[in-house]
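Reckoned from all heavy atoms, side chains included, excluding hydrogens, waters and symmetry mates.
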Amino acid sequence: MVKKYKNYVVTFGTELTIMILGFLVFRVANQQFDEYGFSEYSILRRTVSFLLPLMMIGLGVSIPRYVSLESNRNSYFFAGLIWISASGVLLASILGIGSNFFSEIFFGSDKYSDFILPMGMLLLTYGLHAIIYGFLRGKLNIYLANFVQFVNVGIMPLTILFLSDSVLDLIYLNTISLFLSCVIVIGVIFKKYDIEINKKLMKEDSMVLLRYGLPRVLGDFALLAILTLPTYIVLEMQNDILIGGDVAYCITLLNLVGAAFAPISLVLLPEIASFMNQKRKDLIVHRFKVFVLICVALTTFGYVLFYFFTEFFLNLLLGSNFRSNLIGYARIVLLSSFGYGLYIILRSFLDAIHVRATNAYNLLICLGVYLIFVYFGVKNESSVEYYLYSFVISILLLGLITLIQTYLNIKKIKW
């Protein structure tokens, strides 16, 4: 049994460790920086998460899918590196040119303009990591993939935090160390998989990857817009970076809940694609039933536990000097974990079954719903809690739509 599910066991163990380290990172940041520094750090993390899918141009999904479908074609890796580099340089240039403007949008003040260009370079290095990780997942090289993920996403941010005197120092150190790590692993992959650099293959691979990936950019961006807008809206409405930082941290908690289910999703995409090739509908149905039940059971248990012991958990996560607003805000935001967990797991089914960007359409619908709530909230000068409950409704809707569409699409599979 363990051998049968070894990909899930290894990936889940790695992601669980990274999740624990992620909690620890915020606790150290809360101790390392003052309350303004912690809010800056929380908003920085949220902004990076917001912009990353835009820069990825869908490669994070298309690389593992097509590498797993065409296991003998390793040239997708080189095409992915070229496109992520071009996209990253373009985004960093735009951010650098409009640093004052983007500083106002992301941090509520132009005094943070020094953060913007370095943040763009950090995004580029995270893009390189995503291509590496996606390629290794597609090759089902589960051990190397998880080792790279563990070092770059788990160990590195925590180590650098101890070496940083300010958030700006942290951005520079993280960028340099992540870039060096990616260069080393890229060299290993080129040697191990004998990656071919061929102009004709580059064009063919680019067409395949972008045709599949680009339609999904809007969906990825819509998801991160939903996850990020509450922070920016509250920051704008309250004109207080501390409250904005509180909201950003609560949504980070939701992301970390999502990270608990992410290992399942990471393994499912290439696995379901493989089942599609084998015409094994029975295995797809089995995976669907098992993981929906697991998701609902774990989410219910986790939320009930957090609700009754919120203060204890926040003490554990941040230390005793957390702001009291976080208790109420976190209880509201984490209600959305029921929908978010379902989405994280089931999106891989839809991505594997369809070239059409079904998840993207669902996400755009839910973003539209959230924006309608925001419109009425701004018009009526609503409270912070209103925007958070609006966020919860939108994410629960996303989970429900994804569940229904996955069920219907699996039912329609015929060979």
Student: Going by side-chain contact (heavy atoms from CB on, under 4.5 Å), name the residues that satisfy it together with Leu298, two or more places apart in sequence or in a different chain.
Tutor: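 Partners of Leu298 under the side-chain contact (heavy atoms from CB on, under 4.5 Å) test: Phe261, Ile294.
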Student: What residues form a side-chain contact (heavy atoms from CB on, under 4.5 Å) with Leu305, not counting sequence neighbours?
Tutor: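 Expected list: Phe301, Phe309, Phe313.
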Student: Sequence neighbours left out, what pairs pass ring-ring contact (aromatic ring centres under 6.0 Å, His included) with at least one residue falling in residues 365-404?
Tutor: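 Listed once each, the pairs would be none.
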Student: Is a side-chain donor or acceptor of Asn174 paired with a backbone partner of Leu170 at a separation under 3.5 angstrom?
Tutor: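 Not confirmed, Asn174 side chain does not pair with Leu170 backbone.
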Student: Tell me every residue that passes side-chain contact (heavy atoms from CB on, under 4.5 Å) with Ile195, counting only those two or more places apart in sequence or in another chain.
Tutor: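 So Ile195 forms a side-chain contact (heavy atoms from CB on, under 4.5 Å) with Asn74, Phe77, Phe78, Phe135, Ile189, Phe190, Tyr193.
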Student: Is a side-chain N or O of Thr228 found less than 3.5 angstrom from the main chain of Ala225, in a donor-acceptor match?
Tutor: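 Checking the backbone N and O of Ala225 against the side chain of Thr228, no donor-acceptor pair under 3.5 Å is found.
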Student: Tell me every residue that passes salt bridge (Lys or Arg N to Asp or Glu O under 4.0 Å) with Arg73, counting only those two or more places apart in sequence or in another chain.
Tutor: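 For Arg73 the salt bridge (Lys or Arg N to Asp or Glu O under 4.0 Å) partners, ignoring immediate neighbours, are Glu204, Asp205.
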Student: Could you give the side-chain donor-acceptor pairs of residues 46-56 under 3.5 Å, partners two or more places apart or in another chain?
Tutor:
unit_1, atom_1, unit_2, atom_2, d
Thr47, OG1, Ile43, O, 2.8
Thr47, OG1, Tyr232, OH, 2.7
Ser49, OG, Arg45, O, 3.1

Student: Taking salt bridge (Lys or Arg N to Asp or Glu O under 4.0 Å) as the cut-off, I'd like each qualifying pair that reaches into residues 236-256, sequence neighbours left out, listed once.
Tutor: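 Every pair satisfying salt bridge (Lys or Arg N to Asp or Glu O under 4.0 Å) with a residue in residues 236-256: Asp246-Arg323.
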Student: Which pairs with one or both residues in residues 81-90 pass side-chain hydrogen bond (donor to acceptor under 3.5 Å, both in side chains), sequence neighbours excluded?
Tutor: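 Listed by first then second residue: Trp83-Ser206.
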Student: Applying side chain to side chain donor-acceptor pair (under 3.5 Å), name anything that partners Gln405, two or more places apart in sequence or on another chain.
Tutor: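 Testing Gln405 for side chain to side chain donor-acceptor pair (under 3.5 Å), a comparison that skips the adjacent residues, returns Asn362.
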Student: Under the side-chain contact (heavy atoms from CB on, under 4.5 Å) test against Ile226, which residue among Leu367, Leu371, Ile251 passes?
Tutor: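 Single side-chain contact (heavy atoms from CB on, under 4.5 Å) partner of Ile226 among Leu367, Leu371, Ile251: Leu367.
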Student: Only counting residues at least two apart or in another chain, list the ones meeting side chain to side chain donor-acceptor pair (under 3.5 Å) with Tyr249.
Tutor: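 In terms of side chain to side chain donor-acceptor pair (under 3.5 Å), with neighbours along the sequence ignored, Tyr249 is linked to no residue.
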Student: Restricting to side-chain contact (heavy atoms from CB on, under 4.5 Å), what partner residues turn up for Leu334, sequence neighbours left out?
Tutor: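 Once residues adjacent in sequence are excluded, the partners of Leu334 under the side-chain contact (heavy atoms from CB on, under 4.5 Å) criterion are Leu253, Leu254, Val257, Tyr303, Phe306.
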Student: Give the table of side-chain donor-acceptor pairs shorter than 3.5 Å for residues 151-167, with sequence neighbours excluded, one pair per line with atom names and distance.
Tutor:
unit_1, atom_1, unit_2, atom_2, d
Asn152, OD1, Ser181, OG, 2.6
Asn152, ND2, His129, ND1, 3.0
Thr159, OG1, Ile155, O, 3.0
Ser164, OG, Ile160, O, 2.7
Ser166, OG, Asp169, N, 3.2

